[in-house]
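What follows is a set of notes on a single structure, which appears directly below.
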Amino acid sequence: MIPIFSSLNMMQRALQVTQSAIQTTGHNISNANTDGFSRQRVNLTTWLPYPGTGINAARGAGQIGTGVNDEAVVRIRDQFVDLQVRDNGNQNGYWSALSDAYSQMEDIMNEPTDSGLSTGLDGFWQSLQDLASNSGTSGTGTVVLQKGAAVADTFNYLAVSLGKVQDNLNQQITENVGLINNYADQINALNQQINKQEANGFLANDLYDERDLLTDKLAQLANIKVSKVKSDGNPSPLAEGRYTIELADANGNTLGTLVNGETLTDSTLNASITNADSSQPHVMVALDGDAVDGFAGKLQGLIDAYTKDYPSVLQSLDNMASKLADAFNAVYEQTAGYDSGKGTFFLGTNDGTETEAFTAKTIHVNEALSGTDITAANAGQPSGDNSGAQALADVIATNTYTIDPDGESVTLKSYLQSLVGQIGVNAQSANQFTSNTQTMLDAAQNRRSSISGVSLDEELTNLIQFQHSYGAAAKVVTTLDTLLDTLINKMGG
């Protein structure tokens with residue numbers, strides 16, 4: 001038979017364990033709105049029964065339970081769901097970066113609107129039609145100069161504005177590389193703290209949550225693979241250990257180790273940007289000096305927008321501006337108003353010369369020209385001839401050109417429509433993928449919340465249950481006290 005004092009010890013453990021469960025419930029309730037917090041639970045197991053097994057064990061009816069034991073306080077977490085959240089977050093980070101870049105591009109292109117390049121070309125073409133119809137009317141040449149300047153100004157605005165966004169993407173790449181390094185530093189510091197806690201047999205639940213939250217944020221920036229390394233000392237079988245985090249490409253192939261759980265060190269990611277002011281900027285990302293590429297996530301989306309999407313559109317605008325200026329100048333030189341001393345209609349540099357290739361950023365109308373220099377007639381033609389003005393108008397709307405190398409022969413208007421259409425298709429695709437990946441990310445986060453999130457209703461129910469358990473254990477203690485009083489104070493009477 002178990003001595004009565006052993007029963008008191010059993011109830012003492014029951015009170016302590018129940019108090020620990022109440023404390024854990026209170027911790028859950030307190031952190032119900034804490035970002036990244038996982039609800040915790042006290043693992044309860046039965047204490048060693050009496051008597052123990054052995055040849056000298058006391059004989060009786062059989063083993064009798066000796067109460068409860070709080071084995072560990074653990075957090076409720078599903079590693080598979082964590083992996084889903086990180087994978088979906090990585091894809092969403094990539095497409096969100098591209099979607100945002102294309103959204104800004106569409107705002108700048110501003111097509112189709114009354115202030116877009118297409119409308120400017122229409123106005124320029126119409127002024128040339130008016131010149132052809134009113135070849136003897138004064139002032140029409142001035143309008144042609146004004147409309148041509150409006151087209152050039154629009155090219156300038158588009159090139160400068162897109163360049164500013166591209167410069168901003170450059171800065172974002174640098175900032176996000178720094179953010180990755182910052183997360184790696186913090187995760188490595190948490191690894192060191194967790195290693196110290198687990199070496200003494202503790203479970204660092206709150207530190208686990210903090211580390212997983214940083215890991216989720218890191219996964220949005222770059223694709224990662226997470227593995228665990230056992231801590232030093234005498235860790236609990238339930239201990240999660242130290243994280244080793246590797247950068248991986250979109251196919252899951254390892255590119256390098258960012259956080260090393262074995263050595264408790266982390267590596268440094270660097271971004272080297274070259275040819276930033278050219279039409280072909282290049283970004284090289286290196287992990288401790290070794291080049292890495294194709295790691296998906298927001299950083300890869302920013303790099304792709306900076307090195308591919310924006311340069312492609314800027315190059316198309318440059319090609320279009322160059323072809324417009326070259327073709328228009330060639331026809332203008334055949335008109336009666338052309339003066340070689342004053343120069344061509346469009347100039348390609350800010351110093352008033354034509355020696356440099358035309359670009360969307362530098363194209364402008366020759367300020368030396370006046371309205372009288374813009375005539376409808378071609379050189380050597382009789383009065384009333386309008387073939388020059390008609391030929392100038394055909395440059396914009398009718399004549400076809402190979403604007404892109406290896407491209408098809410199209411009109412300037414058709415080329416612009418194709419460019420705007422392609423931007424719209426790319427933007428729509430990026431928006432669609434962003435929406436799809438966000439839906440999948442939300443679903444994964446909801447699954448995680450259903451597993452690891454704190455339900456106040458559930459916690460309050462548990463609190464009532466633990467309260468009754470505590471009261472019941474206290475009642476047993478009162479009963480045992482009565483038995484002892486009878487045994488000690490009344491049996492002698």
Intermediate values then yes/no, side-chain contact (heavy atoms from CB on, under 4.5 Å), Ile108 and Leu158: CA-CA 7 Å; Ile108 292 170; Leu158 294 177; 3.9 Å; yes
Tell me if a side-chain donor or acceptor on [X] pairs with a main-chain N or O of [Y] at a distance below 3.5 Å.
X      : Y      : answer
Ser316 : Ser312 : yes
His282 : Gln280 : no
Glu198 : Gly241 : yes
Thr375 : Gly337 : yes
Thr119 : Thr113 : yes
Asp309 : Leu98  : no
Asn446 : Asp442 : yes
Asn431 : Ala427 : yes
Ser96  : Asn92  : yes
Asn251 : Asn253 : no

Audit row: Leu128, Ile396, side-chain contact (heavy atoms from CB on, under 4.5 Å) steps and yes/no: CA-CA 10 Å; Leu128 293 168; Ile396 299 173; 3.9 Å; yes
Phe328 ring center near Phe124 ring center (under 6.0 Å):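 Close enough - the centres of the two rings lie under 6.0 Å apart.
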Validation row, ring centre Phe358 to ring centre Phe346 under 6.0 Å: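 No.
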Chi angles and distances behind the side-chain hydrogen bond (donor to acceptor under 3.5 Å, both in side chains) call for Arg77, Ser452: CA-CA 6 Å; Arg77 198 85 177 191; Ser452 302; 4.7 Å; no
Residue pair [X] / [Y], side-chain donor-acceptor N/O under 3.5 Å:
X      : Y      : answer
Ser370 : Asp373 : yes
Asp404 : Asn319 : yes
Thr265 : Asn260 : no
Tyr94  : Asp304 : yes
Asp130 : Gln126 : yes

If you count the non-hydrogen atoms of other residues, nucleotides and ligands that lie under 6.0 Å from [atom1] in [X], is the total more than 12?
X      : atom1 : value
Gln192 : CD    : yes
Glu408 : CD    : no
Asp114 : CG    : no
Lys308 : NZ    : no
Lys196 : NZ    : no
Asn33  : CG    : no
Lys228 : NZ    : yes

First locate atom [atom1] of [X], then atom [atom2] of [Y], and finally report the distance between them rounded to the nearest 0.5 Å.
X      : Y      : atom1 : atom2 : value
Tyr310 : Asp167 : OH    : CG    : 11.0 Å
Ser267 : Leu258 : OG    : CG    : 6.5 Å
Glu210 : Ile187 : CD    : CD1   : 10.0 Å
Gln428 : Ser99  : CD    : OG    : 11.0 Å
Arg39  : Phe37  : CZ    : CZ    : 10.0 Å
Asp209 : Leu190 : CG    : CG    : 11.0 Å

Pair listing, side chain to side chain donor-acceptor pair (under 3.5 Å) test, anchored in residues 147-162, at least two apart: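 Side chain to side chain donor-acceptor pair (under 3.5 Å) check on residues 147-162 returns no pairs.
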Pairs flagged by side chain to side chain donor-acceptor pair (under 3.5 Å) wherever residues 170-187 is involved - sequence neighbours left out: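 Found Asn170-Tyr306, Asn182-Gln186.
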State plainly whether the residues [X] and [Y] are in salt-bridge range, i.e. N to O under 4.0 Å.
X      : Y      : value
Arg448 : Asp78  : no
Arg75  : Glu240 : yes
Lys217 : Asp212 : no

side-chain hydrogen bond (donor to acceptor under 3.5 Å, both in side chains) assessment of Asp457 paired with Ser455: CA-CA 5 Å; Asp457 291 338; Ser455 168; 5.1 Å; no
From CA spacing to verdict: salt bridge (charged side-chain N to carboxylate O under 4.0 Å, His left out), Lys361, Asp318: CA-CA 8 Å; Lys361 189 175 183 179; Asp318 285 345; over 6 Å; no
Plane angle bin for Trp95 and Phe433 - parallel if under 30°, tilted between 30 and 60°, otherwise perpendicular: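 Parallel: the ring planes of Phe433 and Trp95 meet at under 30°.
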Test side-chain contact (heavy atoms from CB on, under 4.5 Å) applied to Phe202 and Leu207, step by step: CA-CA 11 Å; Phe202 298 120; Leu207 295 180; over 6 Å; no
CA sep, side-chain torsions, deciding dist, call: Asn88, Gln445, side-chain contact (heavy atoms from CB on, under 4.5 Å): CA-CA 10 Å; Asn88 292 326; Gln445 289 176 332; over 6 Å; no
